[in-house]
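Here the structure comes first, spelled out in structure tokens, and everything after it is commentary.
Each ligand, and each atom within it, is numbered from 1 in the order the structure gives. Note that these values count all heavy atoms, side chains included, but never hydrogens, waters or copies made by symmetry.
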Amino acid sequence: MYYEPGVTPHGLPHDPFKSCVIPRPIGWISTVDRQGRHNLAPFSQFQNVTFDPPIVMFSANQNSDGARKDSVRNAEQTGEFVWNMATWAQREAVNVSAEELPHGVDEFERAGLAKLPSRRVKPMRVAGSPIQFECVYLNTLRFPGTPPMGSADVVFGRVVGVHIDDDALDANGLVDVLKIRPIARMGYYDYTAVDNVFRMVIPGNNAALLAGLEGSADKTQQATGGAA
Ligand SMILES: Cc1cc2nc3c(=O)[nH]c(=O)nc-3n(C[C@H](O)[C@H](O)[C@H](O)COP(=O)(O)O)c2cc1C
């Protein structure tokens, strides 16, 4: 089949677009508003966009009433947000935190989640989530779309702090993805959880390219002669 979005009918029971871009990692984003009230919500339109310096983005479609999402407003107004990794163990809490609630309602409390303080930013971290990024807001790209929910606010932030639970690292210092089982969004109401891994190395000896994929050595240590 072939269709042109918004121009020709797809003829399917549900728009297949989001079911084609899968699996999408979940940006479980915590923020505070100007009054210091806590907010937490999942965004599957989430990614790292570069890694040196590390920058992430989440994309929030406007609410069904056309209002901008709390996560966007808070990040813009306070200049900070935290990304929490969403795992199989906390899948129900992820879902509960997605409910559209009045501004100021604390989804941590709603989902029965404990808060952990951050070091560089005010938004709290989700206790039990194995990895969190503390982020400083950079900018927002706004894409006008088809009402009521098509418009999107794409929020970018620089990662200034990375927390990894020691239990989430294996004996070789690698993130133990099979242990932590991140969840990811598929289409419809479907999700997946990481339960297998396979390896491939790009052919050739382009060290810079391979380091970009594997993750480079610790530049902080290099800069200080290994003393850091
Ligand atoms: C797993 C999951 C992924 C979601 N991804 C998105 C997304 O990418 N963009 C979006 O606008 N809403 C997404 N939602 C819905 C938001 O989480 C929901 O609108 C939430 O109430 C927004 O909260 P806020 O207004 O406090 O920011 C998602 C919901 C779930 C359960």
**Q.** Cluster check Val32, Phe58: I/L/V/M/F/W/Y, side chain < 4.5 angstrom
**A.**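 No, Val32 and Phe58 fall in different hydrophobic clusters.
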Within ligand 1, which atoms have a heavy atom of [X] less than 4.0 Å away?
| X | value |
| --- | --- |
| Arg185 | 1 (C) |
| Glu99 | 21 (O) |
| Ala60 | 11 (O) |

Q | Polar side chain donor-acceptor pair, His38 to Asp106, under 3.5 angstrom | A | no
(Q) Ignoring hydrogens and geometry beyond distance, is a side-chain donor-acceptor pair present between Asn84 and Ser129 at under 3.5 Å? (A)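 Not at all, the side chains of Asn84 and Ser129 share no donor-acceptor pair under 3.5 Å.
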Please report which non-hydrogen protein atom sits nearest to [atom], along with the residue it belongs to and the distance in Å to one decimal place.
| atom | result |
| --- | --- |
| atom 23 (O) of ligand 1 | Ala41 CB, 3.2 Å |
| atom 27 (O) of ligand 1 | Ser71 OG, 2.6 Å |
| atom 7 (C) of ligand 1 | Gln45 NE2, 3.4 Å |
| atom 1 (C) of ligand 1 | Tyr191 OH, 3.2 Å |
| atom 25 (O) of ligand 1 | Asp70 N, 3.0 Å |
| atom 20 (C) of ligand 1 | Ala98 O, 3.2 Å |

(Q) Donor-acceptor pair, distance only, cut-off 3.5 Å: does the side chain of Lys179 make one with the backbone of Asp170? (A)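 Side chain of Lys179 to backbone of Asp170, a donor-acceptor pair under 3.5 Å: no, none is there.
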Q) Is the backbone of Val82 close enough, under 3.5 Å, to the side chain of Gln132 for a donor and an acceptor to pair up by distance? A) no
Within a radius of less than 6.0 Å around [atom1] of [X], do more than 12 heavy atoms belonging to other residues, nucleotides or ligands occur?
| X | atom1 | value |
| --- | --- | --- |
| Tyr3 | OH | yes |
| Asn205 | CG | no |
| Lys122 | NZ | no |

Q. Are Leu141 and Phe156 close enough that some pair of their side-chain heavy atoms sits under 4.5 Å apart?
A. yes
Any nitrogen or oxygen of [X] lying under 3.5 Å from a nitrogen or oxygen in ligand 1? Just yes or no.
| X | result |
| --- | --- |
| Ser97 | no |
| Pro42 | yes |
| Asn39 | yes |
| Ser44 | yes |
| Asn61 | yes |

Q) Relative to atom 10 (C) of ligand 1, which among Arg91, Met186, Lys69 owns the nearest non-hydrogen atom? A)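 Minimum heavy-atom distance to atom 10 (C) of ligand 1 goes to Lys69.
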(Q) My understanding is that only residues two or more places apart in sequence, or in another chain, count here; which of them pass ring pair (Phe, Tyr, Trp, His ring centres under 6.0 Å) with Trp28? (A) none
